[in-house]
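In what follows, a single structure is set out as structure tokens and then discussed.
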Amino acid sequence: MERTAVDVVIDSWRINDEWWRNPVSRRYLDIVLEGGGHVVVFQDLVTGDWYLQKP
Amino acid sequence: MYIELHCHSAFSFLDGTAQPDQLALAAKGLGYPALALTDNNGLYGSMIFAQAARQIELQPITGADVTLLDGSHVTLLAETPTGYANLARLITEAHLGRENRHDPRLDFASLEARHEGLIILSGCRRGLLPTILEREGPRAAQRFAHRCRTVFGARNFFVELQRNEAFGDRYRTRLLGELADAVGLSVVATGDVHYHRESGHRLHDALVSIKHRTTLDGSHGERKPNSDFYLKSPKAVAERFRDRPDALANTIAIAERCASFDLTQDLGYTFPDFRGTDPTPAPQVLAELCRSKLDELYPLGSQYRDEAERRLDEELRLVEHHNLSGFFLVYNDLFDLAREVAAAVRAGTRRARSGLLPGRGRGSSVSSIICYFLGLSHIDPIANHLFIGRFLNETMASVPDIDLDFPREIRKELMRRVYKRYGDEHTGLVCTFPTYRLRSAVRELGKVLDLPAGELEQVAKLAEHRSAGALREELPKLPGFEGRIDAPLWRDLCDLAEEIAGLPRHISQHVGGMIISSRPLVELVPLERAAMEDRVVCQWDKDSCDDARFIKIDFLALGMLSLVEECVELIAIREGTPPDLSRIDFEDDAVYDQICSGDTVGLFQIESRAQIQMVRRTRPRNLEDLAMEVAIVRPGPIVGGAVNPFVRRREDQRHARERGEVYEPPLDHPLLKEALSETLGVIIYQDQVLQVCQSLAGFSAGQAEALRRAMSRRRSRELLEGFWDEFRAGTRANGVRDAVAERVFEQVTAFSEFGFPKSHAAAFGLLAYQSAWLRHNYPAEYYTALFNNQPMGFYSLDALGRDAKRHGIDVKLPDINASDVYCTVEGQSLRVGLGFIRGVGWDVAEAVVVERERHGPFRSLGDLVRRAPPRLARDGIENIAWVGGCDTFGLTRRELLWQVGLWLPPKTEQSTQRVRRQLELPLPHPYEGVRFGDVAADERLVAEYQMLGFAANGHPLSLIEESLPPGVVRSATLPNLEAGARIEVAGLVVARQRPQTARGFVFILMEDEDGMINAVVRPDVYERDRVAIRGESFLWVRGKLAKDDGTINVIADQVRPLKLRRSVSAGSANRSAPSPYKFLKQLRRNPPAAKSWS
């Protein structure tokens, strides 16, 4: 994936769910990239991996 | 830096997971100087919180998260005593002003009208301003903020900002901040805390799912989005709000303002003043009242006169010392009110002339001579050597408890009259908070985890009744669940059960505690509607009321008093005059012989399986013995190890007496002689705990009072154990060896469990004797009253009916032309009432009886169908026929059931009421002459269990006697067998118990045609045969016969469901003869009632 610098973090939030099945724990970031791109990414707080949320 | 002002405890009911004291401790640990508790629409946990916080020097702030009419929330904090009073009033309005008592909501206009002394925060995400912002946009929100500023003032209304890493938090708090700035309001940061540590989010998710009656998957939209709603450190919160330091600073400012109100000190409760007709001071009025009674009850020259005078002087001195004269006089007024109520309830009855008291004292107040003189107690405290210190002493810190027992109907009316006399705003019932136990936790948490309902029910049924936290230990012991504790979801169930243990589920009504206040009670504690109509409960339980120094008046309903009332009435009907129970022969050998033989089923307090075994060995022969008897089978003496020594010493005492010798009971130390001689060296009564501490450890009156208070509190074991150092210091000073001190102290701490004061035992012992006297002399009346006053006591109607038979009282089935609504006496028989038949009910039964009394007996089934009230549905008529209620028409039950079908349409066509099909003319039906044979004996028995819940005639075992396993011996044979014999017995389970005090032993009381059989099951046998022991109605037990001074037990080594011999069990060639297998199977579907695991 191409690396792009973050311009602004509009919002960030966290979810914890389904702990009784396969725990889901994620930190989401709603960000504007340099150049104007708008994406939502999240980090899986269980594995530490980062993901791009599909629009 | 930051103080948390928005915090929920478990008293937000299914919206918080921490106990108030856990929150206080956690806050202190995190370095908070203050913490606000803001539970949903209530101050349920506020006193517990305030007390706990004060103890650890944390400033408690009292508040609530109140729901408004539109469903939005607002956070209210009490700044001043007036603010607290307003808060309590507003919460009360939110509860009492609603039709649905489960959905409290407050009109915002009420808050606008009554906000003095309150600091108002705009609420959580579902709060006042965020809701308007979301629904109507920023302009509307701004307009509303303006209005709040105008009404409440900028100093008292704060815009709440919450950042819990939830989606939209940043945006919302930015908008709210801007809005506040724009209208000149201040902002305040809060954490919306719902659990004290982060891991609590799982239980919170589960609780929210329980609240919404769905699974975790189904509650996605209702649950919090993440685990951030815990109590964070001030530093962590400050970090989140570093862009709004004013929001942080305001938390400190608000906390400082709220410091001027202290819930533990500033309530201002006062008991209603005594208002005499003349200005005579209350102490004088009380003294005059008592002295007039002194002459009446202890005439000059009588045996106890001098002691009574001394006791009265001492009590009056203590009463004046504590300024309690008015308190006693108000009680005197209340008891006068009770007399009026009793007279009204009994008006027109024959027992009105019986001299029955309106009610009776119980508890420690029975030891007071003042209570005796005022009628609040019926036991002579001098003649019975009752110790006053438990009730009144020099150093007591709270007002004494006066508990009163009443017959149910008198109590009901009395409570209504108390509301009327003191006013609705001044009166409320004390509440209780039922907590999660193992069974409720398994059912509710299992459901939210979506575990199979059948398996959950199995666990709930097979597991012991104990703390929910024990599930992890319990589960592997259950057949079929051995490996579950590590299985997915079951593991979560165990974790959650551990956390939920002891959390309050909801508010409920205390058995009888009432608070009366001269200042409106609604300003001291919020009130809300109880489940029972016309009852209002306050939001504090007895401990919080005690902490608030409220005076709790216990009006308790005692079923046995209702039974006595009815029994006396029935005797008066038979004999013309009622017996005066205060003047009966209290030394009647025949009555004591019956008690000593263990024939006590249906008697007050001495009827349980354990008591039956006990009385056979202790052999009470007077009221004092009976008082000990009712007191000893209680957790306090049992855990303290008093029972076995007491029983052995009673036997030794009896044998010594037979030899003409004086018996000296062994004592742990000579200093205990005065306190424990009477009870043969063991502690049986609560008062003895105090006496022991005073005599052995030299406790001062103040220490004894502190001990007394500790005994009656929640977590009393830890509190009592806290006295060890003082106790040991005292015993050492008295030269008592440490080993002896430890042994005695163990008995002392055992009284953290329930125990009786002697005065209470004396009151109950007397009633036990009166019940025995009534049953001995008037068995028909007694059993009739016993049937009519169920549920009460230890036995089911089934067992009571057979016990009646053993006393020569025939239990007659209902008869449509002879039965009343309730049971009635017919010579030496008991006629079962129509109201007892399933599907009929009390109201319909009454209508049937009224019709019969107006227009004469029913002449036929058709006549009954025509004349009975339409509310008597076809099911009801069939059930009456099934249990012989229509036998009077001279037809077999099959013929009667056939006729029901002729006169009434099939059940599928009818509603709950009966539908008539052209029945107005009393013409015969063309097919009503068709003849059928009668129902078989086994069918009758099954029908009786199904329709009445008990069998009036015959024992189920009689119908399968021929098919019982070979070698089974009957109960009547057991006395003739040698102790130690290996035997097999079979019977119907009457009761099963696994007392927590019995170290895992289980006691089963079974019954065969001849009588009762006691089986004792060791823990290892129980673990192996648990399914049968817990679930089966008919058991076969193999074991060893044990005999001990009149008691007979089967020490079981195998317990199985009753299995029949294969050769005869399939039924005979005659199709109409009962099949034992089929019969047992049918009975399993309609099992006879047993009192289980109580």
Side-chain angles (χ1 to χ4, degrees), chain A, chain B residues 125 162-175 194-195 198-209 214-230 232 236 239-240 243 445-451 487-497 499:
Chain A
M1 189 178 162
E2 195 182 333
R3 294 174 73 88
T4 316
V6 173
D7 186 16
V8 182
V9 177
I10 298 175
D11 200 359
S12 76
W13 66 96
R14 185 161 64 89
I15 63 158
N16 299 94
D17 206 351
E18 302 197 26
W19 46 265
W20 59 95
R21 193 177 295 120
N22 293 308
V24 175
S25 183
R26 296 173 180 172
R27 179 182 304 287
Y28 284 84
L29 294 172
D30 183 356
I31 52 183
V32 178
L33 302 171
E34 273 185 2
H38 182 189
V39 292
V40 174
V41 295
F42 68 85
Q43 184 186 21
D44 185 324
L45 297 174
V46 179
T47 64
D49 296 334
W50 282 90
Y51 297 87
L52 175 67
Q53 175 104 321
K54 287 192 176 170
Chain B
R125 287 158 195 79
Q162 294 181 339
R163 291 176 180 170
N164 298 89
E165 297 193 282
F167 178 72
D169 271 4
R170 275 189 172 215
Y171 179 66
R172 186 185 311 104
T173 53
R174 185 171 57 76
L175 281 185
H194 285 74
Y195 27 92
E198 191 172 3
S199 58
H201 80 98
R202 292 178 172 221
L203 180 59
H204 188 261
D205 284 352
L207 292 180
V208 171
S209 307
T214 180
T215 59
L216 282 160
D217 283 315
S219 62
H220 182 80
E222 310 297 336
R223 285 185 277 112
K224 300 281 182 202
N226 60 37
S227 59
D228 196 64
F229 296 77
Y230 65 100
K232 289 178 273 294
E239 179 61 26
R240 288 190 188 184
D243 60 317
L445 291 171
K447 198 172 162 193
V448 305
L449 286 163
D450 214 6
L451 286 163
L489 298 177
W490 287 94
R491 188 177 49 226
D492 295 316
L493 179 66
C494 293
D495 291 343
L496 293 172
E499 290 179 50

Exercise. Can you tell me if OH on A:Tyr51 sees more than 12 non-hydrogen neighbours from other groups inside 6.0 Å?
Worked result: yes

Problem set entry | Region of A:Arg21 in contact with chain B, defined by heavy-atom distances below 4.5 Å | side chain

For this session: Assess whether atom NE2 of A:His38 is packed by more than 12 heavy atoms of other residues, nucleotides or ligands within 6.0 Å.
Result: yes

Problem set entry | Toward chain A, the part of B:Asp228 with a non-hydrogen atom under 4.5 Å | both

Exercise. So do the side chains of A:Asp30 and B:Phe167 get within less than 4.5 Å of each other, counting heavy atoms only?
Worked result: no

Problem set entry | Residue among B:Arg223, B:His201, B:Arg491, B:Lys224 with most heavy-atom pairs under 4.5 Å to chain A | B:Arg223

For this session: Pick one of side chain, backbone, both or neither for B:Leu449, based on which atoms fall under 4.5 Å of a heavy atom in chain A.
Result: side chain

Exercise. Mind checking whether A:Trp20 and B:Asp217 have side chains closer than 4.5 Å, heavy atoms only?
Worked result: yes

Exercise. Just by modelled atom types, is the A:Asn16 backbone N or O under 3.5 Å from a matching donor or acceptor in the B:Asn226 side chain?
Worked result: no

Problem set entry | Pick from B:Asp169, B:Leu496, B:Asp492, B:Asp450 with the largest number of heavy-atom pairs that fall under 4.5 Å of chain A | B:Asp492

For this session: Look at A:Arg14 together with B:Glu198 and state whether they make a salt bridge at an N to O cut-off of under 4.0 Å.
Result: yes

Problem set entry | Interatomic distance, A:Ser12 atom OG to B:Arg170 atom CZ [nearest 0.5 angstrom] | 4.5 Å

For this session: Enter the distance from A:Trp19:CH2 to B:Arg202:CZ here, rounded to the nearest 0.5 Å.
Result: 6.0 Å

Exercise. Where does A:Val24 contact chain B at under 4.5 Å (heavy atoms): side chain, backbone, both or neither?
Worked result: neither

